[in-house]
Amino acid sequence: MTRLVVGPFNRVEGDLEVHLEIAEGKVTLARVNAPLYRGFERMLEGRDPRDALTITPRICGICSISQSVAAARALGAAMGVAPTPEGARVAALIHAIENAADHVAHFNLFFMPDFTRPGYARRGWHARAVDRFTAIEGSAQREAVAARAALMHVLGQLAGKWPHTLAVQPGGVTRAPGPAEKMRILASLRGFRRYLEKVVFGAPVEDFVALGAESALMRWGKGDAGLFLEIAADLDLAAMGRGAGRYLAFGAYPLATGPAFPAGVWEKTGGPRALDPAGIREDLAYSWMMGAASHPSTGQTLPDEDMRGPAYSWCKAPRLEGQPMEVGAIARQVIAGHPLARDLARQGGVLARVAGRLLELARTQILMERLATDIDTSARFMAAPVAVPDAGSGAGLVEAARGALGHWLTIRKGVIANYQIVAPTTWNFSPRDAAGVPGPLEAALLGAQVWPDEPTPLSVQHIVRSFDPCMVCTVH
Amino acid sequence: MNILWLQASGCGGCTMSLLCAEAPGAFEALEAAGLRFLWHPALSLATGAEVRAILRRIDSGEVALDVLCVEGAIARGPRGSGRFQMLSGVGVSMLDAVRRLAPLAGHVVAVGSCAAFGGMTSAGGNPSDAVGLHYEGAHPGGVLPPEFRGRAGLGVINIAGCPTHPGWVTETLMLLAAGALTAEGLDRLGRPRFYADHLVHHGCPKNEYYEYKASARAPGEIGCMMEHMGCIGTQAVGDCNIRPWNGGGSCTSAGYACINCTAPEFEEPRHPYTETPKVGGIPVGLPSDMPKAWFMALASLSKAATPDRIRKNAIADRIEVPPTLRTPKR
Ligand code: SF4
Ligand code: SF4
């Protein structure tokens, strides 16, 4: 048996270290460590509840708006105020833009560059991968960064800037777009569609959304998605890093008519069921955290400054009814019942996660266009002001690009008495729990192939990045 | 020039913001100025052992480091050990890594308010005992002593902002590459003067409301946000309303307060961010360089003189009364 420590692990948001035990060329044990602690939950205690809207987005510069939306929702629940229908629509559009931009960044900047490595030089696709995805220089990287920056113009208009906006409030959004601005938003979205259809998919996004099975997907053959699928077939990414097939989603983009992508749970063995957030516990057995396992509405964040064993991560271990759950685009699309996602979930490996993200990117384009088209510029975008109560509590459950994100807030004496956050990567990259059950990434790494003389095994990199981890959110 | 970029205790948002640079884009701007990354944690291919090798080559002097960019504050906790942020795979704290690398660098650049002053990471009792590179809040001396200078002679260049505007970062780096950034180009807090000599108030679309103290009272109203909504744009440095963010926005143009994110200790305003603290009904924070008596006199005069259009629009969520059209007499 050999041991390997993999880090600094880059092209993930934030800090990550992976400890591996390897026998006969396969990973036999994995421990995932989030080596950064900042203590955001503690910073919030004693402050005006509205300050959560300023502070929590700064947990993460890549899913800043997801944090805004979760905080606004939690605060709104505590205040008894909901956004106006148009306020909710624009908040959903703002949020969808961040998520779409994140998916594009992940695919082009974080995930695909690994296929440019010299270790793959003999593969038929390698030269094309190098041309498109060489870090910083590749043509796909340049195109993605430009398309993303142009898409963000919608956020300049509606949210002032990205990241870190205060535009999303419990009662709606701070800026009422007029009819001409709506035209500009639609023009920006059309520009992004052009990019997706010319570069990423090589065909109308509707065609990609219409795919119903993995077999059809593998014959796609167009755009950078086609290049990825060719690589995926060659390296059998479908079977690499398989998950347990237990998915969770809090529901994305709540509108007057319900969320655009629903909340729920789906298990390979048991199929779909409703989500009961009361079944969530954060286990601390292997976290450098003191206290007992508890529901986030009553949980605490008390770091163990001595970093004592057997704990090995600052990350807590959230469980739903005692089980680790995988979250993210594939989870959302499986729970939404998309046939391609359901088919991919049979294996639930690297291919499923990355293709799930591409599928969602295509669906999100259609969603963003619909949201923008439906904006009623004559309506009110902000509810009448409501005072912050002296006491109250609320939860904000949303979907960040990387999956389910929850904020739980308790107000006492007019200030924040407790604030707990469970981020997507807290689910995916959690350490073991009291029962010794590993977190989803730890489980997915088991059996990963390690070639001799690989200090940073490629398969491990593909698997880790397929989750699109955001470590700054994980521990926050 | 080469750049080593480290992400310390921060949110990564300054890198994300940098990627929003346009005409030229971030990669194109740096490339054209002859700047290249030795390593960037979000963008480079190198990972794990390859990164450790790059760090070793810098350490041994085999590679001369031109620019060290640090994004995020530096955690000193727990108990001065820096173990709240370990450089993964290396077994060294970010605190030790930065202390070792900074003297080797030609220039040290703090990207964002966290790296500059501690920023949001040091808010609320500062759970991780985080500081800036060269400042602890507004006080000189962070993880590096006040007398620290990079090999090229400048103190830490503080591109403060939360996040930084992409143009602030690309232009600072381009100035460094051109050898055109001198101590005179930095303000007393080490911020590049090309943006820190401006105030956020300059060019704010709400300036006319400000002139008459026609104020928004609640989120969504389009009046000036100084009197009630916590805006400190009249004191905050930054050209946020002169150069657009994300193709045309700014905090105040989107209808929320400037919270002075370019300043040390903005994370602890000692009042709710979006509510103006007042004494006797008068906002405590006055515009920069303005005597109080003058402000009071001007404010009461202008309030009395507020045109109906401005008074009504200030508390609406969109322009309800358009400007009066004057037809030339024939
Ligand atoms: S909103 Fe702020 S920046 Fe704009 S005019 Fe008023 S005080 Fe100045
Ligand atoms: S307007 Fe104020 S808060 Fe907004 S980015 Fe500029 S300096 Fe920061």
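Throughout, protein chains are lettered first and strands after them, A, B, ... in sequence-line order, and every chain is numbered starting at 1.
- With a threshold of 4.5 angstrom between heavy atoms, Ala46(B) approaches chain A through N, CA, C or O but not through any side-chain atom.
- A heavy-atom distance below 4.5 Å is not found between the side chains of Glu50(B) and Thr456(A).
- Contacts of residues 161-170 of chain B with chain A at a heavy-atom distance below 4.5 Å involve Cys162(B), Pro163(B), listed in sequence order.
- Listed for the Arg38(A) side chain is no donor-acceptor partner under 3.5 Å among the backbone atoms of Ser9(B).
- Rounding to the nearest 0.5 angstrom, the gap separating the SG atom in Cys20(B) from the CE atom in Met152(A) is 5.0 Å.
- Interface residue Asp114(A): backbone and side-chain heavy atoms are both found under 4.5 Å from chain B.
- Separating the CD atom in Glu275(B) from the CG atom in Asp48(A) is a distance of 6.5 Å, to the nearest 0.5 Å.
- Side-chain contact between Pro127(B) and Pro303(A): absent, with no pair of heavy atoms (C-beta onward) separated by less than 4.5 Å.
- Taking the side chain as every heavy atom from C-beta outward, Arg117(A) and Thr47(B) approach each other to under 4.5 Å.
- For Glu305(A) and Arg83(B), the salt-bridge test fails: no basic side-chain N is under 4.0 Å from an acidic carboxylate O.
- Between Thr274(B) and Leu53(A) the shortest side-chain heavy-atom distance does not fall below 4.5 Å.
- Between Trp314(A) and Gln85(B) there is no side-chain heavy-atom pair separated by less than 4.5 Å.
- Residue contact with chain A, scored on non-hydrogen atoms closer than 4.5 Å, involves the backbone and the side chain of Ala49(B) alike.
- Side-chain contact between Arg11(A) and Pro41(B) is absent, with no heavy atoms from C-beta onward closer than 4.5 Å.
- Expressed to the nearest 0.5 Å, how far CG of Leu43(B) lies from CD of Glu137(A) amounts to 12.0 Å.
- A salt bridge links Arg142(A) to Glu31(B): one of the charged nitrogens lies within less than 4.0 Å of a carboxylate oxygen.
- With a 4.5 angstrom heavy-atom cutoff, Glu45(A) does not touch chain B via any of its atoms.
- Heavy-atom pairs under 4.5 Å with chain A peak, among Met94(B), Glu267(B), Met86(B), His271(B), at Met86(B).
- Neither the backbone nor the side chain of Ala130(B) comes within less than 4.5 Å of any heavy atom of chain A.
- Contacts between Glu71(B) and chain A at a heavy-atom distance below 4.5 Å are absent for every atom of the residue.
- Within the 4.5 angstrom heavy-atom criterion, only backbone atoms of Ala21(B) (N, CA, C, O) approach chain A.
- Remark: Glu221(B) engages Arg217(B) in a salt bridge (Lys or Arg N to Asp or Glu O under 4.0 Å) (not counting sequence neighbours).
- Ile222(B) CD1 to Thr174(A) OG1: the interatomic distance, rounded to the nearest 0.5 Å, is 12.0 Å.
- Two residues are said to be in side-chain contact when any heavy atoms from C-beta on lie closer than 4.5 Å; Asp306(A) and Arg79(B) meet this criterion.
- Using a 4.5 Å cut-off between heavy atoms, Ile259(B) contacts chain A through its side chain alone, with no backbone atom that close.
- Here the straight-line distance linking atom CG of Leu45(B) with atom CG of Asn10(A) works out to 7.5 Å at 0.5 Å rounding.
- Screening Thr54(A), Leu166(A), Val173(A) for a side-chain contact (heavy atoms from CB on, under 4.5 Å) involving Tyr256(B) leaves a single residue, Leu166(A).
- In this structure the side chain of Lys161(A) reaches within 4.5 angstrom of the side chain of Cys251(B), judged on heavy atoms.
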